Each structure stands twice: as C-alpha cells, then as structure tokens.
Amino acid sequence: MKTFTTFSIFCLSAMFASVARGERPNIIMFLIDDQNPSSIAAFGGDTYTPNLDRMAKEGMKFTRAYVSSSVCTPSRYTFLTGRFAGNSHSNRYAEAVGGKENQGLPNFNVALERDNMNVGNVLREAGYTTGFVGKFHLTSDLDFPEFYKGKDKWINIPKDASPGPETSAQFKHNELWMRRYLQTLGFSWAKNVYPENIHSPYSSHNPEWTTVAALEFIEENKDGPFYLHLCSTLLHGPDKSWRKSMDHPLITGEGEARSLPEVMTPRAELLETITEKGFDPDSHVAGEAWIDDSLGAIFRKLKELGIDDNTLVIFAPDHGRDGKGSVFSHGGCQVPMIMRWPNGIAAGQVCEELVQNIDLVPTFFDLGEAEKPNSYRIDGQSLTPLFKDGQAEDWRDHLYLEMGAARATVTKDWSYIAVRHTKEQIAAIKKATPNNLPKAMSYIGRLGIGVRGADRPGFFDEDQLYHLQRDPKEMKNVAYKNAQATRMKEMRNLMQQDLEVIGRPFGEFIPGGNAAEPGQIDKQIEIVKQLEIKGKTVTVPQALKQELGVTDEPAPDDKAKKKAERAARKKARKKAKSNNQKDSDK
C-alpha cells in the first residue's frame, strides 16, 4: 500500500511538473445549449450519458459552476471574452442601453467587438491555431457594417421560406459568410457554423454536421497547440424537437446536404441502445444521449491521434433550461460543468468552489501562456489553482449574475436578487394593461423565455433572498423577513462592491442616468402575481378584471391574426416596390 501511495504521489508530481515546464495543452471548449444538471447521469440525472460519465470519472466535476447570464447571447459573449456581458463595449450594446452613464440591461443586445479582445484572437497571437464550429449568435451590423453590404452580404432568409435548392444555396452562402466573420474576429479557422439558433425551413439539429468539422480541425492541427470553440445547437428547443430532428439526417446549417460521413453512432443504433438501457427513445433521453455521443467521437479522435493526454476538454452549457431569462440558480445560471485533462487534472476530482464562465478565458490564457493586451478587460480569474484537488486558498466567496434589469449575488448558501427597472421601463410598466404586465416586467422585456422564472412566487419582487440549501428551487423569498435584515445587509454590500467594479448605475445602489429607486411599481407587482402566465399566453382572472374595472382585451388569436395581416400588407408593399424597380430598370 505504501508503494502504491508513493507511486501515486510520484505520478501526480510528474503530471504537474510537466505542466509547469510549459507544455501547452490543446483546449476544446464544448459549449452546449440549454442544459440542466439533471440531463447528465454523472450529476444524478435519470438519462443515458456514458461519455460524460466517463469524463467526470477521469477528470473534475464542478458542482457549483455558474454562467453570468441565462440566455444565449450574453452568456456566449462571456465564454468568448472572460468578461460580463454588461461590460460589453460593442456598438450594438451602446445602441441598446446608451453610454456608461445609463444602467446596463444585458440580454440579447451584445456582440463581439471590433478590437478582437476575444479568446480566438489572443490565443492565435500566442501561437495557437484557433477554430470555431457550431452556433455563434453574436453577430452585429452595427459593429461590422461592411458584412451587410455588397454581393457577399448577409442574406435575410424569411422564416416562411420554402425548402429547396434556392433556399439551400442561401443557407450555404450565410455559412460561408459566418466563416469570414469569425476569421475577421481573429479565429484562424471556422467551419460548419450556425449564425444563431437553427432556422426554418431547415430547423433540425444535426450534431454530426458540427462533429465532422470539429474532427477535421483536430486532425489538421494534431501537432498543436490548438484551441477549438465547439458549440452545439442541442439541447435548444422542446424535448420532442430533438428526437424529431433525428429523422432528418441531411438537414444542416448549409441547408440540405447530399451525405455526411459516419463519425458518430448511427442514429437508429443509438435509439436502440437507449431502448436497451430501459429508456423511452422518444423522450428527452434521445437528445441528451445524442450530444453525449458527439463528445464520444471527439474523445475517440484524440485517442487515435495520441493527443488525448495533453488536451483539456471542457463541457458546459450556456445556461439552464427551466429558469432561462432569470438570475435564479436552479435551472438558470447554475450549470453542470466537467473538465478532463489527463496531464493536468487528476482523475475523479470534485470541485465545490464557486466558479463561473468568466473564469474560462483567463484559464485558457494562463495555460496557453498568452499575453493579454493591456486594454483587454477580463472579469474572471484562472481556474488552474483548483486543478490539483478542487480547492484553493483565498478563493472567491460569492458570484455576481446579471440578466436585463436583474442582478444577483450568490454565496455557497444564499442568493440575493435585486430587480431594478430603469425610468423608461417603469413608465412603460405603469401604462401597461394587466395582460401586458408580464412582458413589461420581465427582466428582458419578453414573454416566453422572459417569464420562464415566473413559476417562482418571488420572480417579480424587487428584492429576493433565498437559502440555497434549504430552498434549492428558490420558491420562498425571505427578503422581507425581519429575521433576515442582517443577511440582507451583508448580501447587498457584496452586490454593491461588484456593481462599483462594473461602473454603471443600478437602482439605488449606484444612482445616476436612467437608474431608478425601488418602490415605484408595488401596485403592478401585486397585480402581475395574480395573473396566469404560461409561455406567451397571459390570462387575467375574471375576479381581477372586475376589481380593476378593465374590459376584455383582444384575444391572442385576434392579435396573431392582426399581426399576420400587417405582415401580409408589408410583404405586398415590398413586392410592389420591387416590381416597380424592375420596370424602371427596363
């Protein structure tokens, strides 16, 4: 036993010594869309994910990993930059919220900047070959106007476009456009890129299409070092859409393909395996096992090329599913994350420290020995001190989260949420009819994903406090309990510190600009809590209508009909204008 222990210590010493000598690892950031911990068996999920389970056994599982924002665009911005989306200085964000004298409202309104302060460019300048595959969702005509002009400009494909050769050609054009866009941002290489979420009429997931490009990149750059930002479109959308996509193997981000190499388990065979394991192949397990199978193909390629040991693979989603559009931990900002790097992370480790997606880019710069430009703002810190045993002295004691008009401070035991609408938003909220209140009061000003968190009683409260150990689903807001006055003061002080570093106004914490104090929409909060909100459908109870003295508003079907009529008139005007132009050109 003593010999084994001595040998183990020797192996660990050799492992970390090799890292210290500067043998830079290859890095693969495998970014998933919309995933809860419950969709991975290694995190206790009732599902089939053998490759992720193996990854957790051979690497490090992070049980308190968070993203800073809980919708695609701001979260992906952070994965690529290492800074909060609220610190974006893109033209797109400035157009949406104004200068730093105004309160920030980070959501779908950020983009990567022209200065190329992103992981793809900085690692490339440090000697890495950097590649991008899959979903991007960060383009901006305000930051890169030249990409929206001329014969090679971006094509706006209507959602009601018919499938066929012409539409496929447009999809292919836009995919090539995305490659140029990413290379302008500083990536060495890009292929099989989705500009955003999958788009009709070719709205089927196809992980084989992204995996093919990822394997090609790895093969071409096996001599390393390389960095690959690999972004899946799964698990976006309803569960049933994942299984339905399996029936359309030739639908890709380039439209209809003639064929695809078999780099993953054949779909029918994977469904058979799911059935054999005792799961319903038509359930959520199909999508979860499908993305797991893509990961398996990556690991097989690394092993085949003999570069498995010195490749750091990170698996994480951009946010959760159930609490999307909120700053709740459960189903929103807390995510499952696993890292595997045989040369640098001992197998079977579990890290319970508070970590965040702001920490990934500084980790990659640390491992890649990249010199960060002085003007490059990074909000995170390198995770490398945690790689030995999941612990580090003087690690952070809290996290900062942001989503539209909401901010959160999270410690290991508590979460404090502050919702502070701007002056403009408050004016709109006060004018809103009951039916429109949920949209106006959601953190990002949207129904659907903007109110997914509204199933929690405290979602609309301006101040919220949750004990994450006793109330993990954040259902009991105790912010207004006298017994929690001291705790509230402590949590608010932590938030104050982070907001001062951000440097923008926010409510009463940092007055100025269009920031507004709380307490101005108490009546509206009371009303919105009595509404029935299901996705994009809002129902005002009859008793509440009578109490407020409001008349029935147009039914959703009427609204949809009027919207369709407006769209048809707009299309007819556009067609007439086009015909007139053609006539004048003759």
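Model, not experiment: these values are computed from the prediction.
From F279, atom CZ reaches atom NE2 of H284 across 8.0 Å, with rounding to the nearest 0.5 Å. The NZ atom of K135 sits 9.0 Å away from the CD1 atom of I198 when rounded to the nearest 0.5 Å. Rounding to the nearest 0.5 Å places CG of D308 at 13.0 Å from NZ of K301. If you take CZ on R64 and CD on Q356, they are separated by 11.5 Å, rounding to the nearest 0.5 Å.
Counting heavy-atom neighbours within 6.0 Å of D309 CG, excluding the residue itself, gives a total above 12. The 12-atom threshold is exceeded at NZ of K372, counting heavy atoms of other residues, nucleotides or ligands nearer than 6.0 Å. Summarising the local packing, CD of E371 is surrounded by 12 or fewer heavy atoms from other residues, nucleotides or ligands at distances under 6.0 Å. Environment of NZ in K244: sparse, with no more than 12 heavy atoms of neighbouring residues, nucleotides or ligands closer than 6.0 Å. Applying the 6.0 Å contact sphere to CD of E146 captures more than 12 heavy atoms from other residues, nucleotides or ligands.
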Does the ring-ring contact (aromatic ring centres under 6.0 Å, His included) test come out yes or no for Y194 and W209, once each step is laid out? CA-CA 11 Å; Y194 289 94; W209 186 65; 5.0 Å; yes
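Residues T363 and D359 bring no donor and acceptor atom of their side chains to less than 3.5 Å of each other. Looking at H398 and D498, their side chains do bring a donor and an acceptor atom within 3.5 Å of each other.
Using bins of under 30°, 30° to 60° and over 60° for the plane-to-plane angle, the ring pair W189/F217 lands in the tilted bin. The aromatic rings of Y227 and F364 are tilted relative to each other, their planes meeting at an angle between 30° and 60°.
A pairwise comparison of heavy atoms in K191 and E175 identifies C-OE2, 3.6 Å as the closest pair. Here the closest non-hydrogen pair linking S232 and I291 is OG-CD1, 3.0 Å.
A donor-acceptor pair is defined here as one N or O able to donate and one able to accept, closer than 3.5 Å; such a pair exists between the side chain of S75 and the backbone of D318. Between the side chain of S200 and the main chain of S203, no donor-acceptor pair closer than 3.5 Å is present. At least one donor-acceptor pair under 3.5 Å links the side chain of N206 to the backbone N or O of I251. N121 contributes a side-chain N or O that, together with a main-chain N or O of N116, makes up a donor-acceptor pair within less than 3.5 Å. Formation of a donor-acceptor pair under 3.5 Å by the S168 side chain with backbone atoms of E256 is found in this model. With D143 contributing its side chain and R92 its backbone, the two residues share a donor-acceptor pair below 3.5 Å. When atom types are taken as modelled, the side chain of N221 and the backbone of F226 share no donor-acceptor pair closer than 3.5 angstrom. A side-chain donor-acceptor contact under 3.5 Å links T73 to the backbone of H137.
In summary, E58 and R54 engage in a salt bridge, as defined by a charged side-chain N under 4.0 Å from a carboxylate O. Ion pairing between R321 and D239 holds under the 4.0 Å rule for side-chain N and carboxylate O.
For R452 and F328, the positive end is not near the middle of the six-membered ring at less than 6.0 Å and at most 45° from its axis. For the pair K153 and F147, the NZ or CZ position fails the cation-pi test of under 6.0 Å to the six-membered ring centre and within 45 degrees of the ring normal.
Between W177 and Y148, the distance separating the two ring centers is shorter than 6.0 angstrom.
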